[in-house]
Amino acid sequence: MLKHVKLLFLPVIAGSLALLTSSGCMSWPGGITSSTIPITSKDSYVVVQKDVTGSDWSIGFFNNPIPALNPYSALQNAKEKSGADALINVTAKNEVYWPTIFPLITYHRTQIRGDAIKFIRGGE
């Protein structure tokens, strides 16, 4: 009888250990653009800061972020950090992390990165 009890608990213990040690991270590109605002041939700009980063994050349940991630908030965050009008050479990245203790709860982040600029409009 004791042997059957040990065999019954072996999968439970193995599953618990797998659950507690299964942490991870996924990352994927969200896109690339030359500028966050149209620039005409009459316009010019000054780079005020290189490699500015802004992000938005959310906690997810069953891999669904609540509330949904907002790339616009990440962009505004990056612009506010440098006092810029726009960003050029822009890239976006999305990331998902899950902890070791309870992998059904996830941390989601979207990140916008680029060079901050101030505009000098052509007609001004």
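FYI, side chains are in, hydrogens and waters are out, and symmetry mates aren't considered; it's all heavy atoms of this structure. Count residues from 1 along the sequence. Quick caveat, the model's predicted, so the values are computed rather than measured.
Scanning for side chain to side chain contact (heavy atoms under 4.5 Å, CB included) contacts around A116 gives V48, Q49, V52, S82, A84, L87, with sequence neighbours left out. Qualifying side chain to side chain donor-acceptor pair (under 3.5 Å) partners for T53, counting only residues two or more places apart in sequence or in other chains: R113. Under the side chain to side chain donor-acceptor pair (under 3.5 Å) criterion, Y72 pairs with Q76, sequence neighbours left out. The salt bridge (Lys or Arg N to Asp or Glu O under 4.0 Å) search around D115 returns K50, not counting sequence neighbours. In this view, N77 and K81 satisfy the side chain to side chain contact (heavy atoms under 4.5 Å, CB included) rule, not counting sequence neighbours. Scanning for side chain to side chain donor-acceptor pair (under 3.5 Å) contacts around T91 gives an empty result, with sequence neighbours left out.
In this structure, the side chain of K79 does not engage the main chain of G54 through any donor-acceptor pair within 3.5 Å. A side-chain donor-acceptor contact under 3.5 Å links S58 to the backbone of I66.
Using cut-offs of 30° and 60° on the angle between ring planes, the pair F119 and Y45 is perpendicular.
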Decide side-chain contact (heavy atoms from CB on, under 4.5 Å) for Y107 and V96; before the verdict, give the C-alpha distance in whole Å, the side-chain angles of both, and the deciding distance to 0.1 Å. CA-CA 6 Å; Y107 170 78; V96 177; over 6 Å; no
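Taking NE2 of H108 as the start and CD1 of I59 as the end, the distance is 8.0 Å to the nearest 0.5 Å. Rounding to the nearest 0.5 Å gives a distance of 14.5 Å between OG1 of T110 and CH2 of W57. Here L75 contributes atom CG and D56 contributes atom CG; the two are 11.5 Å apart, rounded to the nearest 0.5 Å.
A single hydrophobic cluster is not seen to contain both L69 and F61; linkage of ILVMFWY side chains at heavy-atom distances under 4.5 Å, directly or through other members, places them apart.
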